[in-house]
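Just so you know, these numbers come straight off a predicted model, no measurement behind them.
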Amino acid sequence: MGTEDPCCEEGLTEPGEPYGFHARGRNTHAYRERHPEPDTGPAAEPERAPDGWAGGHRGIGIQGPDGRALGILGPPVRDGGIARDDSLRRFAAIWSRTIYPATATHLTRAEFEDRLVPLAGRLGAALRTRPFDPAPAAEVGAALVGAHCTEPEALPLILGAIDSYLLVYCPPGGGLSDTEARARCARLQHSLAAGFADALRERTLAEQEALSRAALAAQAETERALHTSEARFRAVFEGAAIGVGIADVDGRIMDVNDALTRMFGGMAHDVMGRNVGEMVHPDDSPDVWGLYKELISGERDYYRVEKPYYRGDGSVLWTDLSVALLRDAHGRPQYQLALMEDITERRLLHERLRYEATHDALTGLPNRTLFFESIDRALSPAGDDGAPARFGLCYLDLDGFKAVNDSLGHAVGDELLVAVAERLRACATGPAELVARLGGDEFVALLTGPSAQADAIALARRMLTALSRPIRLDGRDLSVRASIGIVEGAAGELGAAEVLRSADITMYRAKAAGGNRYELADADSDARVIARHSLTNGLPAALDNSEFFIEYQPLVGLADGAVRGAEALVRWLHPVHGVLGPDQFIPLAESTGLIVPLGRWVLEESLRQARAWWQEGSGQAPMRVNVNLSPSQLRYPSLVADTVAVLENAGLDPSALCLEVTENALIGADEEELRPLRQLADMGVDIALDDFGTGYSNLSYLRRLPVSTLKLDRSFTRGMQHSPADPVDVKIVEGIVSLAHTLDLSVTVEGVETGTQAEHLRILGCDTAQGWYYARPGPPERLRMLSLVDAAS
């Protein structure tokens, strides 16, 4: 803490960067002791061109091994002025001192350093690119091969200098974090190594082809000149830097050069006298031996493949193999000429980079990249003559993992994920079973085979059983639960995105059912969730496009049959699904937060209509309008202010409004949560307790709630639709009415459908009622036209 980075000089690192920004976990200073910086004082400054570019304004042309122009590397990008150019020159000086001894160039070290300046500029520019693109580093790698940095130890020295000094002298800036800057530097190294390897390979192949042409030409010349140039051919054969071997058409190896002998371990008897057909390896590509048969039969004259061989000690030699057919003077096949390049190191580097790109760094499991490659293969349709392939997929998500991160920290969370991954890996016992981590606490298992569904269910059970045992971390036992969604089907029917979506939906069904279980995918459930998602996405536009409208259902006085008010019921005229009721979209609006603007719109429209009714009534008292209030609106800070503003804009007294709140929304509410309702009730707004009786029905809490009306749920009055009435329902309603009137509360009954039911409720003392017996919800102009039709009949 508080120690300055000794490498932080003016113009080298951004101010405020933490110590070790450039180190990437290795001892940078020890590296610098072995590779000290060159003198970068005034005497070592490069000649500066008039336009201010270090190294002049001309670009450097890069030529490949075949003579083709690879491109022109221009001068460094002018960003930061002289200080940045100086930093590039310093980095190029260190880079040159490090790798110059490992080059085969004819340039002096100073000339070689000048050659590296624009390459350093390309790397520095790539670090700052937004969005980041490591591709220029591959061009730098190719340029280094073009500059003859081709000795075996050159690439490690190149990467080592970049790893230790690039971030010091070419910091990306732009607010990048330490971790991101190091990650960019690492990706540039990978890209440079790939470009270097490809360019070196092309260079070697060009040499091989030239050697092959020379060998063939020498052989033809030998045949035409009665073998007078055998000594010349032997010189080429023995002096070649790549492996050369000659076999007869039966495959018996007749001669090999020293380079090929060294490739196979240095013992000539490991190769000489063997038959080519015996040198089989399990990783041979499927077509390699078909090409070989075509060659020795004379159907083709040449082929080239990557082929592995076993050495005498059992290790594997990977080669870039080119085989040509040599014919006699009559055109008959006579010999095989094989040219081999040892690509084992390059192959290992490729495999390591491939592993890092396809496996999760934390758990070691296959990552999203490898999983999607696998599922794409599993979902590919079977061939015409093959039986339809089947697949099974288990999508697993840990239950309550966020609580572990929040309470115990992300370090413990990571340890838990590693332990979970090990248990899941152990559950995948079949050869066609793959377990991968998609990210976070999400894992997926993929199976293929004719019994994929049964196998997937069995695997899901094994995974739940494996996770049922507590995981011990840092002296504490952590219980782990998981929810799993299973999808199974035939290959070729669905794409990977559809399968993952169905598995995700099914997994959340398992969570909704209590978790720690698995569920099988169901097309109807998927369709409902997709439709729900579609409606959720369409809600904001629906409000902007005025797709909502309000229907009104009258509230009728049971004593005289007069209309006392109306309940406002919002509807959605969906452009695809038609008219949707509030039960289909109100929960979606609450989950997205749109319920607040939608609720305000309903309040404004309802009070505007109430004012219109008042004006139509020639000065009579305004008819009360009931508006439903959701739990989310209750918690909205501006509820009281918004309600007052809407009432004032409508020019109505607060008594013209009744807000309906469900019983469940108020159960357990404390005084702070009830304060907005109390303020509205004190102003004169009626508060109705909707769906009364559907909650816990703790009648004692009624005394402390700021309500003026109980809306009795229809479930208590269904037994009164016909005579004789259900005596139990009668007693319940009679008791509720008595209690309500004792507390000075009025009683409204929902769902009245018959005249008999209405008469029973009138006799029991209920104050108002609403239901289909009086009128169905409809437009405001139908409010006063009551049809009085028994819905039950």
In terms of side-chain geometry, is the basic nitrogen of [X] or [Y] positioned less than 4.0 Å from the acidic oxygen of its partner?
| X | Y | value |
| --- | --- | --- |
| Glu422 | Arg425 | yes |
| Arg201 | Glu345 | no |
| Asp86 | Arg90 | yes |
| Arg347 | Asp342 | no |
| Arg97 | Glu113 | no |

Using only atom types and a distance under 3.5 Å, with no angle test, would you say the side chain of [X] pairs donor to acceptor with the backbone of [Y]?
| X | Y | value |
| --- | --- | --- |
| Glu139 | Pro136 | no |
| Arg300 | Tyr302 | yes |
| Asn257 | Leu260 | yes |
| Asp255 | Ile246 | no |
| Asn367 | Leu370 | yes |
| Thr129 | Pro131 | no |
| Arg128 | Gly124 | yes |

Should the ring pair His106 and His148 be called parallel, tilted or perpendicular, given that the plane angle runs from 0 to 90° and is split at 30 and 60?
perpendicular
Do the two ring centres, one from Tyr310 and one from His281, sit under 6.0 Å apart?
yes
Inter- and intrachain pairs under ring-ring contact (aromatic ring centres under 6.0 Å, His included), touching residues 340-366, at least two apart:
Tyr355-His359
Can you list the residues that meet the side-chain contact (heavy atoms from CB on, under 4.5 Å) rule with [X], with sequence neighbours excluded?
| X | result |
| --- | --- |
| Phe132 | Pro134, Arg184, Arg187, Leu188 |
| Ala102 | Glu151, Glu153, Ala154, Leu157 |
| Ala428 | Glu433, Val435 |

Just to verify, what does Tyr303 make a ring pair (Phe, Tyr, Trp, His ring centres under 6.0 Å) with, not counting sequence neighbours?
none
In short, salt bridge (Lys or Arg N to Asp or Glu O under 4.0 Å) pairs touching residues 356-365 with sequence neighbours left out are Arg352-Glu356, Asp360-Arg437
